[in-house]
Amino acid sequence: MLNLGILISGRGSNMESILRSIKRKKIPIRPAVVISNKPDAKGLKIAESMGVSIEVVESKGFAGSRAEYDKRVMKVLSEYGVTPKNGLVCLAGFMRIISPEFVKRYKNRIINIHPALLPSFPGLDSQKQALAYGAKYSGCTVHFVDAGMDTGPIIMQAVVRIKEGDTEESLSKRILREEHRIYPEAVNLFARKKITVSGRRTIIS
Ligand code: GRF
């Protein structure tokens, strides 16, 4: 069975939805470890209460380069069996850019969720960006991670209509509901080897 590593920095609600779905829907993947770059990430407690191993690789005060930090993360992942051959890495609110070295080693094995319909509104504060732009629709995207910022091949998207009077908070809340639905679904597809990458496209069988 594949081994899953989830990287978080905070709340961990996407992590929780993935872990719950693995149990409930019998997704054929073993939640091996949750790693946070912040020791006080709320998600760590949730993971622990769900019986998943947790690790902290603190980024604050880390003197080395991005590649050196990621080397540490990759070491922890490997120790838990989340390897480039037998692993999947889910970024779930992990507030760090991944180094090209990490991306290369885990090619097409790192996925991320982004709270907008990529390629619109990449980077931070996507819900705020969508509102400021006056978009009528936004949503969320699960995609493979490549060396760019939110640029990898798209696996799944869900559309959310923007209502008049929406605030960043109300829109984020509705998008988050969709995130919790499609992220576990994408993990399920990956675990069942139903995703093939062909250039920029993914083919779901
Ligand atoms: C989510 O909105 C996700 O799309 C973005 O960061 C947020 C993380 O939330 N990448 P949570 O930690 O999963 O609750």
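For ligands, and for the atoms within them, numbers begin at 1 and follow the listed sequence. The basis for the numbers below is simple: all heavy atoms, side chains too, and nothing from hydrogens, waters or symmetry mates.
Counting protein heavy atoms only, atom 1 (C) of ligand 1 is closest to Glu179 OE1, 3.1 Å.
A salt bridge is defined here as a Lys NZ or Arg NE, NH1 or NH2 lying under 4.0 Å from an Asp or Glu carboxylate O, and Arg181 with Glu178 meets this definition.
Listed by atom number, the atoms of ligand 1 under 4.0 Å from Gly93 heavy atoms are 6 (O), 8 (C).
At a 3.5 angstrom cut-off on N or O pairs, Arg11 counts as close to ligand 1. Looking at ligand 1, you'll find an N or O of Gly12 within less than 3.5 Å of one of its N or O atoms. Remark: ligand 1 and Asn112 share no N or O pair separated by less than 3.5 Å (distance only, no angle test). Checking only distances, Ile113 does come within under 3.5 Å of ligand 1, N or O to N or O.
Minimum interatomic distance between Pro115 and Ser126 (heavy atoms only, all atoms of both residues): O-CB, 3.6 Å.
Residues passing the side-chain contact (heavy atoms from CB on, under 4.5 Å) test with Asp146 are Thr151, sequence neighbours excluded. Residues forming a side-chain contact (heavy atoms from CB on, under 4.5 Å) with Val57 (at least two apart in sequence, or on another chain): Ile35, Tyr69, Arg72, Val73, Val76.
Leu2 and Ile18 fall within the same hydrophobic cluster, where Ile, Leu, Val, Met, Phe, Trp and Tyr residues are linked whenever their side-chain heavy atoms come under 4.5 Å apart, directly or through other members.
The shortest separation from a heavy atom of Ile8 to ligand 1 is not under 4.0 Å, leaving the residue out of contact.
Each of Thr202, Val142, Thr141 was evaluated against Ile154; a single residue qualifies, Thr141, per the side-chain contact (heavy atoms from CB on, under 4.5 Å) test.
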